[in-house]
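Worth saying up front: this structure is predicted, and the values here are computed from it rather than measured.
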Amino acid sequence: QVQLVESGGGTVQAGGSLRLSCAASGLTLSSSSMGWFRQAPGKEREFVAASSSSSSGGYTYYADSVEGRFTISRDNAKNTVSLEMNSLKPEDTAVYYCAADSLGGSYYAVVYEYDYWGQGTQVTVSS
């Protein structure tokens, strides 16, 4: 059974930093594409960042809104994926979800490409 468990959310002032972690079990992380998405109240779930599988080169991808501020990383040996978030803005406030595409697909920004999701962790950025 695949499980993704996020942690590290919280409340921070604008300009601050948070680090989210996703602990994965039941799947081979190295062959999976991993992504972070977020959903604010009343809005659709949106792509934040992704890390391609090892066989696809281990590249990283970011939404324009977070490029240069957020960094996705993975530790395949520990089965964890992290999202380092710096220079946070009030508009970054959302529930953040970790997602896995166990087939290692390449449509990283597409919600329905991912077959496993975590329960989400709240990030609140105050102005």
Side-chain angles (χ1 to χ4, degrees):
Q1 182 180 1
V2 175
Q3 280 192 319
L4 302 176
V5 180
E6 301 100 335
S7 61
T11 300
V12 65
Q13 287 190 333
S17 300
L18 280 175
R19 183 181 179 89
L20 305 183
S21 294
C22 174
S25 59
L27 82 167
T28 303
L29 202 67
S30 60
S31 60
S32 302
S33 301
M34 299 299 297
W36 285 95
F37 289 76
R38 66 187 181 187
Q39 188 166 18
K43 295 188 177 181
E44 293 186 352
R45 192 166 298 189
E46 65 174 5
F47 169 74
V48 175
S51 170
S52 68
S53 66
S54 298
S55 61
S56 296
Y59 295 109
T60 56
Y61 304 88
Y62 299 93
D64 290 343
S65 59
V66 307
E67 179 83 51
R69 300 188 297 122
F70 290 11
T71 303
I72 187 172
S73 60
R74 63 161 78 196
D75 186 330
N76 290 330
K78 294 183 178 179
N79 264 22
T80 59
V81 181
S82 298
L83 184 69
E84 183 74 32
M85 305 185 295
N86 298 315
S87 302
L88 283 161
K89 305 174 181 180
E91 51 264 43
D92 294 319
T93 295
V95 177
Y96 283 70
Y97 297 90
C98 174
D101 175 354
S102 60
L103 298 180
S106 58
Y107 295 95
Y108 306 109
V110 179
V111 170
Y112 58 79
E113 278 293 299
Y114 293 83
D115 43 357
Y116 299 104
W117 293 83
Q119 82 287 352
T121 185
Q122 176 71 46
V123 171
T124 302
V125 184
S126 61
S127 57

Taking atom OG of Ser127 and atom NZ of Lys89, what is their separation to the nearest 0.5 Å?
14.0 Å
What about Val95 and Met34, same hydrophobic cluster or not, with Ile/Leu/Val/Met/Phe/Trp/Tyr joined at side-chain heavy-atom distances under 4.5 Å?
no
Contacts of Glu84 that satisfy salt bridge (charged side-chain N to carboxylate O under 4.0 Å, His left out) - sequence neighbours left out:
Arg19
Using the rule that Ile, Leu, Val, Met, Phe, Trp and Tyr join whenever any side-chain heavy atoms are under 4.5 Å apart, tell me whether Tyr61 and Val111 fall into a single cluster.
yes
Quick check: do Gln13 and Leu88 have side-chain heavy atoms less than 4.5 Å from each other?
no
Output yes when a side-chain donor or acceptor of Ser33 lies under 3.5 Å from a complementary backbone atom of Gly105, and no otherwise.
yes
Determine whether Asp101 and Tyr108 make a side-chain contact, defined as any pair of heavy atoms from C-beta on separated by less than 4.5 Å.
no
Testing the basics here: between Ala94 and Ala40, what is the closest heavy-atom pair and its distance to 0.1 Å?
CB-N, 3.8 Å
Check Gly9 against Val123 and note the closest heavy-atom contact, atom names and distance.
CA-CG2, 4.2 Å
Mind checking whether Leu4 and Tyr97 have side chains closer than 4.5 Å, heavy atoms only?
no
Donor-acceptor contact present, side-chain Ser51 to main-chain Thr60, <3.5 Å:
no
Are side-chain heavy atoms of Ser21 and Thr80 found at a separation under 4.5 Å?
no
Shortest non-hydrogen contact from Asn86 to Ser17?
OD1-OG, 2.8 Å
ring-ring contact (aromatic ring centres under 6.0 Å, His included) partners for Phe37, two or more places apart
Phe47, Tyr114, Trp117
Any chance you could measure Asp115, atom CG, to Ser32, atom OG, to the nearest 0.5 Å?
8.0 Å
One should read off an interatomic distance between Tyr59 OH and Ser106 OG, to the nearest 0.5 angstrom, of 13.0 Å
Least distance between heavy atoms, Ser54 atom then Asn76 atom
OG-ND2, 3.3 Å
So which heavy atom on Tyr62 is nearest to which on Thr71, and how close?
OH-CA, 3.4 Å
Okay, side chain of Tyr107, backbone of Tyr112: is any donor-acceptor separation there less than 3.5 Å?
no
What is the distance from atom CG of Leu18 to atom OG1 of Thr124, rounded to the nearest 0.5 Å?
9.5 Å
How about Asp92 and Arg38: do any of their side-chain heavy atoms sit closer than 4.5 Å?
yes
What pair of heavy atoms forms the shortest contact from Gln39 to Lys43, and how long is it?
NE2-O, 3.1 Å
Say you draw a straight line from OG of Ser82 to CD of Glu6; how long is it, rounded to the nearest 0.5 Å?
12.0 Å
Rounded to the nearest 0.5 Å, how far does CG of Leu29 lie from CG of Asp75?
8.5 Å
Would you find a donor on one side and an acceptor on the other, under 3.5 Å apart, between the side chain of Ser52 and the backbone of Gly58?
yes
